[in-house]
Amino acid sequence: MTSAADEAPLWQPGPDRIATAAVTRFQNWAAERHGAPADGGYPALHRWSVDELDSFWQAVAEWFDVRFSTPYETVIGDRSMPGAQWFPGATLNYAEHALRAAEDTLRAEAPALLHVDETHTQTPTSWSELRRRVGSLAAELRALGVNRGDRVSGYLPNIPEAVVAFLATAAVGAVWTSCAPDFGARSVLDRFQQVEPVVLFTVDGYRYGGKEHHRADTVAELRRELPTLRAVVHIPLLGTDAPDGALEWSALTAADTEPVFEQVPFDHPLWVLYSSGTTGLPKAIVQSQGGILLEHFKQIGLHCDLGPEDRFFWYTSTGWMMWNFLVSGLLTGTTLVLYDGSPGYPDVSAQWRVAEQTGATLFGTSAAYVMACRKAGIHPGRDFDLSRVQCVATTGSPLPPDGFRWLHDEVADDLWIASVSGGTDVCSCFAGAVPTLPVHIGELQAPSLGTDLQSWDAAGEPVIGEVGELVVTKPMPSMPIHFWNDPDGSRYHDSYFDVYPGVWRHGDWITITERGSVVIHGRSDSTLNRQGVRMGSADIYEAVERLPQIRESLVIGLEEPDGGYWMPLFVHLAEGATLDDELRAAIKHTIRENVSPRHVPDEVIEVPGIPHTLTGKRIEVPVKRLLQGTALAKAVNPGSIDNLELLHFYEELARERR
């Protein structure tokens, strides 16, 4: 929900912070060289960045000293969406830029990576050692016959070996793709079989929640079901011997070999990411070396304001785009904090403990984790030394207003809180962090530079201060170059461009406020539309989950054949709570008073749990389909769900209602 227009900001950067921010220095520099506005601060810079895309992205490339081994003919050739052509004629290599800090003799022995596991043992990897390992592994990949465009896969947790394997893959011009080892074999095969990898990097298992989880049987199944594999590389995280026919990681990374960086076209594939795949095979989303390089330089260097003195922590797994985003912190010479473990082991304070131990300056997590900390009543600012944390950033779902207040009260009262929103589809943020703007409760600070973000009404007209569809009206470099196995581009087109031709429709409801900030209301394909009033599910969750008795909730709006509209609210209760008439009344009162009287649920139903995708997002649309009578096998892809058993409850409820 939007804050009142006259409400004081929760946080306001001081004059010194604004003056020293990279985005301020970039604006001053771009004003002298590329015609950017010298005055007007961030709003003026943003307007210029979308009005003058060519000048803006050329300025980004120059500011961050992008090394084009052959020059580009123009910044943007074809501007259509989909199909925009960026920097045609240019060649470069992403990994070369990610390892540049190792060339600085004063920084070569500084840590590039800090790895922390559940024992909270901290293991550094220096820039020179990272570069050496990448050089050794890239040479071995070439010896295995891995060529430009081949796919290389990782079944790996968030460990240094995953970073090395990805960078070596990029160095040879191959295409990286990864899944976390908590994914089951079917989920991995649904992804990897689409892209036919030639190499598989895999661990023997992983540690999570204080336990060892062995994966030898899963790895054996992957090897059987991926006939294109030429090599399997064994990483003994749990100390087991390599299976027959597998190569040893240590042998492939032992040489002192200077990396050779294959120079590839700007639009050459860098990696394949995957959509959640809740209603079918996951979309295999391909993004380019050059597009990701520029987009991540902009996001990490300007929006996150990270540089060589920073330490960048984001709680993520290799199965989520935020891992790819985290690794790009290397582009700005920033030290990465890689945490491999449960977010709540041995207790809910685990992530704050990692931040204290590593001296993290940007602490990235999920909105769900922040709210779990709030409910648990912990006091991070009191119990841990978080003096180096300058920014707490959240994503995965909108950060509720109470989350903003809790971070301000319990972490630091001079804390930059950056709620950000984007997607796997662009591996970046449409809106979020701006170090020179104030933070208002419940709002993302502003649209990102170079992103012509708008909110459109049903007639396709832009609106301010009203709920509308999130659209992007001009191309971004990190938009997919294509989907894998989508030769005519129809699946790509239908995913984003079927509603507004030539305009990216992301599938979220948003409000752009009068002051230019952004409020995310939830997915537009699961929008609650009651009596003509549209409401995002996130607004309901924010209100209901303030109640201490509610652990999590899920709201669904169903259009019924007789023209009616049924809106149940499913609640997963906190331990010891009971869904009695008093709690039902409290829930309905909370929604009526804080959200909308039209969106008070018809029923409040207790459930054993809320189902999520493997990356932790509530699955609203598949549940809606189940309640509409769609068979489970057609409503959801079983391999994309964290707990398939939970869906049987909704399936049975649908049966009872028929």
Side-chain angles (χ1 to χ4, degrees), residues 11 13-29 42 60 62-66 96-116 122-131 160 163 167 293 296-316 322 325-339 351-365 380-381 384-393 411-412 414-418 420 429 432-437 449:
W11 176 81
D16 290 345
R17 186 158 194 169
I18 292 173
T20 58
V23 70
T24 302
R25 292 183 281 113
F26 170 79
Q27 182 168 1
N28 294 337
W29 173 88
Y42 183 85
V60 170
E62 291 179 11
W63 175 259
F64 289 105
D65 190 24
V66 171
E96 181 178 3
H97 292 80
L99 293 170
R100 265 196 311 203
E103 300 170 8
D104 183 347
T105 55
L106 296 177
R107 301 200 59 232
E109 300 313 311
L113 311 175
L114 291 174
H115 175 236
V116 183
Q122 186 177 168
T123 306
T125 302
S126 69
W127 284 99
S128 61
E129 179 64 9
L130 177 61
R131 185 180 175 90
V163 178
L167 292 177
L293 183 69
H296 285 185
F297 263 134
K298 179 203 74 177
Q299 283 290 346
I300 292 165
L302 300 181
H303 286 281
C304 296
D305 205 23
L306 293 177
E309 303 306 315
D310 288 296
R311 294 190 170 186
F312 183 20
F313 167 63
W314 205 297
Y315 181 79
T316 184
M322 288 309 302
F325 189 85
L326 172 65
V327 173
S328 283
L330 297 172
L331 297 173
T332 54
T334 302
T335 300
L336 308 186
V337 176
L338 309 177
Y339 178 57
Q351 293 187 41
W352 303 109
R353 196 172 290 113
V354 172
E356 175 188 55
Q357 179 183 355
T358 60
T361 55
L362 191 152
F363 176 99
T365 188
F384 301 97
D385 179 4
L386 303 177
S387 57
R388 280 183 53 81
V389 176
Q390 300 297 306
C391 176
V392 172
V411 178
D414 185 30
L415 181 68
W416 173 23
I417 302 168
V420 305
C429 308
V434 182
T436 58
L437 290 180
L449 294 171

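Ring geometry for Phe312 versus Phe325: interplanar angle over 60°, hence perpendicular rather than tilted (30 to 60°). In this pair, Trp63 and Phe26 present their aromatic rings perpendicular. The plane angle is above 60°, beyond the 30 to 60° band. By the 30° and 60° cut-offs, the orientation of the rings of Phe313 relative to Tyr339 is perpendicular.
Atom OG of residue Ser328 and atom CG of residue Leu306 lie 11.5 Å apart, to the nearest 0.5 angstrom. Rounded to the nearest 0.5 Å, atoms CD (Glu356) and OG (Ser387) are 9.0 Å apart. With values rounded to the nearest 0.5 angstrom, Ile300 atom CD1 is found 12.5 Å from Asp305 atom CG. The line from CG of Leu338 to CD of Gln122 is 11.0 Å long, rounded to the nearest 0.5 Å. The line from OH of Tyr315 to CE of Met322 is 13.5 Å long, rounded to the nearest 0.5 Å. Of the inter-residue distances, the one linking Tyr42 atom OH with Thr436 atom OG1 reads 8.0 Å to the nearest 0.5 angstrom.
You'll find the side chain of His296 stays beyond 4.5 Å of the side chain of His97, heavy atoms only. Two residues are said to be in side-chain contact when any heavy atoms from C-beta on lie closer than 4.5 Å; Leu362 and Asp310 fail this criterion. Side-chain contact between Trp352 and Leu386: present, with at least one pair of heavy atoms (C-beta onward) separated by less than 4.5 Å. Side-chain contact between Val163 and Leu330: present, with at least one pair of heavy atoms (C-beta onward) separated by less than 4.5 Å. With contacts defined as side-chain heavy-atom distances shorter than 4.5 Å, the pair Leu449/Val60 does not qualify. Under the 4.5 Å side-chain criterion, counting only non-hydrogen atoms from C-beta, Pro308 is in contact with Arg107. For the pair Trp416 and Pro13, the minimum side-chain heavy-atom distance is 4.5 Å or more.
Put simply, the side chain of Gln390 never gets that close to the backbone of Thr361: no donor and acceptor are under 3.5 Å apart.
Here the closest heavy-atom approach between residue Ala112 and residue Leu130 is recorded as CB-CD2, 3.9 Å. What you find for Ala102 and Arg131 is that their closest heavy atoms are CB-CD, 3.7 Å. Of all heavy-atom pairs between Ala22 and Gly301, the closest is CB-O, 3.4 Å. Of all heavy-atom pairs spanning Val434 and His303, the tightest one is CG2-ND1, 4.1 Å.
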Trace of the side chain to side chain contact (heavy atoms under 4.5 Å, CB included) decision for Thr334 with Arg311: CA-CA 6 Å; Thr334 302; Arg311 294 190 170 186; 5.8 Å; no
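A side-chain contact (heavy atoms from CB on, under 4.5 Å) with Thr125 is found for exactly one of Leu113, Leu114, Thr335, namely Leu113.
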